[in-house]
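Notes for the one structure printed next.
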Amino acid sequence: MTVMITGGAGFVGSHICVELIHAGRKVVVYDNFCNSHPEVINRIRRITGTAPEVVRGDVRDVEALISALSAHGCSAVIHLAGLKSVADSVSKSTEYYDCNVVGTLRLAQAMQQTGVRNIVFSSSATVYGEPDMLPLREDHKLAPFSPYGRTKMQAEELLSDIAQSQSPLNVVILRYFNPVGSHESGLIGEDPNGIPNNLMPYISRVAIGRLPVLNVYGNDYPTPDGTGIRDYVHVADLAAGHVAALDCADKQRVLKVNLGTGRGTSVLELVDAYAGACGKTIPITFAPRRAGDIASYYASAELAANVLGWHAKRGIAEMCRDAWNWQRKNPNGYLDQ
Ligand code: NAD
Ligand code: UDP
């Protein structure tokens, strides 16, 4: 079985490549490298002994997709290619809708034209918005705050509609909670451009000395220590969830599943765990709440266990250990070739 992974050179996609190659699948990375480094392909080869096929292309380019799907005989697609910064999605909303929504539509069209039926789509827990109740179940209402969240919701909707059309696709929508950590080898990991928006890569940059101090956004939330709570999930566990999703793709027309651990961790708890992993103090300063942030959310992981037979195996200590291992071995990310 050959699987196309759009966005396969990115943080999550590179870990899925490793997991799929280990599971005996052939992998074609389809990526325009707008937010990734070609060195990642070499790293995947070093981990697995096999280099994935690489097609440099844009997910909005139907002709390029059709020729890649046919040339490589792909039988399924995992669709990760997209833009993911909440802040940029406000200032560059046209680009976000074009890449995330139009890109998903073009990919669906290319799949219909080539007869590739199964698609696994990277969605996000951000589609839920403010939780009415916790843990967040898949049947919770969708009310995303940001253009980014709305592009994910619209991509979910268009895929769900196409699943019922005359030329149907089998769709598995995976709603990621907060992916962190890296492959245990420390050869691939999260390498954001510029100053990281997300907590774990920010802590890593403080730990390695590239940033002086972590701003903790808000210590007056209604949580036990006053800081925000999220459901962090190890990226290797998340990757394994995609292999499970591919195996389930033709059991049901549309399946929407959370990928999270079901456990919440506060900012201060994560900082403490990271300090334990790297053996250093992480300097922090309390700063005002970040606009649009939710106090606390975490997944119901029940459906993933029942339908995909998947659950996260790694805890916060392993997430911090592996994030630090990647950062320590690659202080400047993939520039350290
Ligand atoms: P990433 O930016 O590291 O990877 C995305 C990849 O897609 C990059 O390699 C980029 O070059 C490629 N890409 C972007 N636009 C493209 C286009 N138009 N054509 C072809 N390739 C394109 O991001 P990630 O963290 O690996 O996230 C992967 C997916 O998971 C994204 O769709 C993201 O929205 C979703 N997601 C991520 C998180 C997270 O916290 N990392 C959480 C929830 C959902
Ligand atoms: N956060 C923080 N400092 C940072 C980045 C994030 O205190 O530099 C907090 C943020 O307010 C939230 C949590 O860490 O409570 C997770 O933020 P992240 O951006 O990683 O994920 P998201 O909010 O998108 O789920």
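Keep in mind the model is a prediction, meaning the values are calculated, not measured. Just follow the structure's listing: the first ligand is 1, and inside any ligand the first atom is 1. Side chains included, hydrogens not; waters and symmetry mates left out as well; all remaining heavy atoms used.
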Inventory of protein N or O atoms under 3.5 Å from ligand 2 N or O:
{"residue": "ligand 2", "atom": "3 (N)", "partner": "Asn215", "partner atom": "O", "Å": "2.7"}
{"residue": "ligand 2", "atom": "7 (O)", "partner": "Asn215", "partner atom": "O", "Å": "3.4"}
{"residue": "ligand 2", "atom": "7 (O)", "partner": "Tyr217", "partner atom": "N", "Å": "2.9"}
{"residue": "ligand 2", "atom": "11 (O)", "partner": "Asp293", "partner atom": "OD2", "Å": "2.5"}
{"residue": "ligand 2", "atom": "17 (O)", "partner": "Arg290", "partner atom": "NH2", "Å": "3.4"}
{"residue": "ligand 2", "atom": "19 (O)", "partner": "Asn198", "partner atom": "ND2", "Å": "3.1"}
{"residue": "ligand 2", "atom": "19 (O)", "partner": "Arg290", "partner atom": "NH1", "Å": "3.3"}
{"residue": "ligand 2", "atom": "19 (O)", "partner": "Arg290", "partner atom": "NH2", "Å": "2.8"}
{"residue": "ligand 2", "atom": "20 (O)", "partner": "Asn198", "partner atom": "ND2", "Å": "3.4"}
{"residue": "ligand 2", "atom": "20 (O)", "partner": "Leu199", "partner atom": "N", "Å": "2.8"}
{"residue": "ligand 2", "atom": "21 (O)", "partner": "Asn178", "partner atom": "ND2", "Å": "3.1"}
{"residue": "ligand 2", "atom": "23 (O)", "partner": "Arg230", "partner atom": "NE", "Å": "3.3"}
{"residue": "ligand 2", "atom": "23 (O)", "partner": "Arg230", "partner atom": "NH2", "Å": "3.3"}
{"residue": "ligand 2", "atom": "23 (O)", "partner": "Arg290", "partner atom": "NH2", "Å": "3.0"}
{"residue": "ligand 2", "atom": "25 (O)", "partner": "Asn178", "partner atom": "ND2", "Å": "2.9"}
{"residue": "ligand 2", "atom": "25 (O)", "partner": "Arg230", "partner atom": "NE", "Å": "2.9"}
{"residue": "ligand 2", "atom": "25 (O)", "partner": "Tyr297", "partner atom": "OH", "Å": "3.1"}

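- When the options Asn35, Asp58, Ile5 are ranked by their closest heavy atom to atom 1 (P) of ligand 1, first place goes to Asn35.
- Close approach of ligand 1 to Phe33 is summarised as follows: ligand atoms under 4.0 Å from at least one heavy atom of the residue are 11 (O).
- Salt bridge annotation for Lys141-Asp132: present, with a cationic side-chain nitrogen under 4.0 angstrom from a carboxylate oxygen.
- Scanning all protein heavy atoms for the shortest distance to atom 33 (C) of ligand 1 gives Tyr148 OH, 3.6 Å.
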Next on the checklist: Run Asn330 and Asp191 through side-chain contact (heavy atoms from CB on, under 4.5 Å) and show every step you take.
Outcome noted: CA-CA 9 Å; Asn330 307 269; Asp191 184 22; over 6 Å; no
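- Among all protein heavy atoms, the one lying closest to atom 10 (C) of ligand 1 is Asp31 OD1, 3.4 Å.
- For Asn178, the closest heavy-atom approach to ligand 1 does not fall below 4.0 Å.
- Here the side chains of Asn197 and Ser85 are in contact, with some heavy-atom distance below 4.5 Å.
- Contacts with ligand 1 closer than 4.0 Å are made by no heavy atom of Glu190, backbone or side chain.
- Using a 4.0 Å cut-off between a side-chain N of Lys or Arg and a carboxylate O of Asp or Glu, Asp139 and Lys256 do not qualify as a salt bridge.
- Distances from ligand 1 to the non-hydrogen atoms of Ser123 include at least one value under 4.0 Å.
- Tyr221 and Ser296 form no side-chain donor-acceptor contact under 3.5 Å, judged by distance and modelled atom types alone.
- In terms of protein heavy-atom proximity, atom 19 (N) of ligand 1 is nearest to Val59 N, 2.9 Å.
- Atoms of ligand 1 lying under 4.0 Å from any heavy atom of Gly10, numbered from 1 in the order shown and given with element: 3 (O), 4 (O), 9 (O), 26 (O).
- In this model, no donor atom of one side chain and acceptor atom of the other lie less than 3.5 Å apart for Arg263 and Tyr232.
- Nearest protein neighbour of atom 37 (C) of ligand 1, counting heavy atoms only, is Tyr176 CD1, 4.0 Å.
- The atoms of ligand 1 that sit less than 4.0 Å from any heavy atom of Ala9 are 9 (O).
- Side-chain rings of Tyr30 and His79 stay apart, their centers remaining 6.0 Å or farther from each other.
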With a cut-off of 3.5 Å and sequence neighbours excluded, list every side-chain donor-acceptor pair involving residues 275-286.
{"residue": "Lys280", "atom": "NZ", "partner": "Ala207", "partner atom": "O", "Å": "3.0"}

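- Around atom 31 (C) of ligand 1, the closest heavy atom drawn from Leu238, Leu80, Val127 belongs to Leu80.
- The shortest contact between atom 26 (O) of ligand 1 and any protein heavy atom is with Val12 N, 2.8 Å.
- Not less than 6.0 angstrom separates the ring centroid of His37 from the ring centroid of Phe33.
- Looking only at protein heavy atoms, the nearest one to atom 42 (C) of ligand 1 is Pro179 CD, 3.8 Å.
- We find that Arg43 and Glu39 are joined by a salt bridge, their nearest charged nitrogen and carboxylate oxygen being less than 4.0 Å apart.
- Between Tyr334 and Trp326, the ring planes lie tilted relative to each other; the angle falls in the 30° to 60° range.
- Salt bridge annotation for Arg60-Asp98: present, with a cationic side-chain nitrogen under 4.0 angstrom from a carboxylate oxygen.
- When hydrogens are left out, the protein atom nearest atom 25 (O) of ligand 1 is Lys84 NZ, 2.7 Å; that is the closest non-hydrogen contact.
- Contact between His79 and ligand 1 is absent, with no heavy atom of the residue lying under 4.0 Å from the ligand.
- Salt bridge Asp237/Lys313: absent, no basic N to carboxylate O contact under 4.0 Å.
- Atoms CD and CG, on Gln252 and Asn170 in that order, are 10.0 Å from each other to the nearest 0.5 Å.
- Of all the heavy atoms of Cys99, the ones lying under 4.0 Å from any atom of ligand 1 belong exclusively to the side chain.
- Taking all atoms of both residues into account, the shortest heavy-atom contact from Pro196 to Arg205 is CD-NH1, 3.8 Å.
- Which parts of ligand 1 touch Ser36 is read off a 4.0 Å heavy-atom cut-off, strictly below it: atoms 8 (C), 9 (O), 11 (O).
- In this structure, the protein non-hydrogen atom closest to atom 17 (C) of ligand 1 is Asn32 ND2, 3.2 Å.
- Asp231 and Thr261 form a side-chain donor-acceptor contact under 3.5 Å, judged by distance and modelled atom types alone.
- The ligand atoms of ligand 1 that sit less than 4.0 angstrom from a heavy atom of Gly57 are 19 (N), 20 (C).
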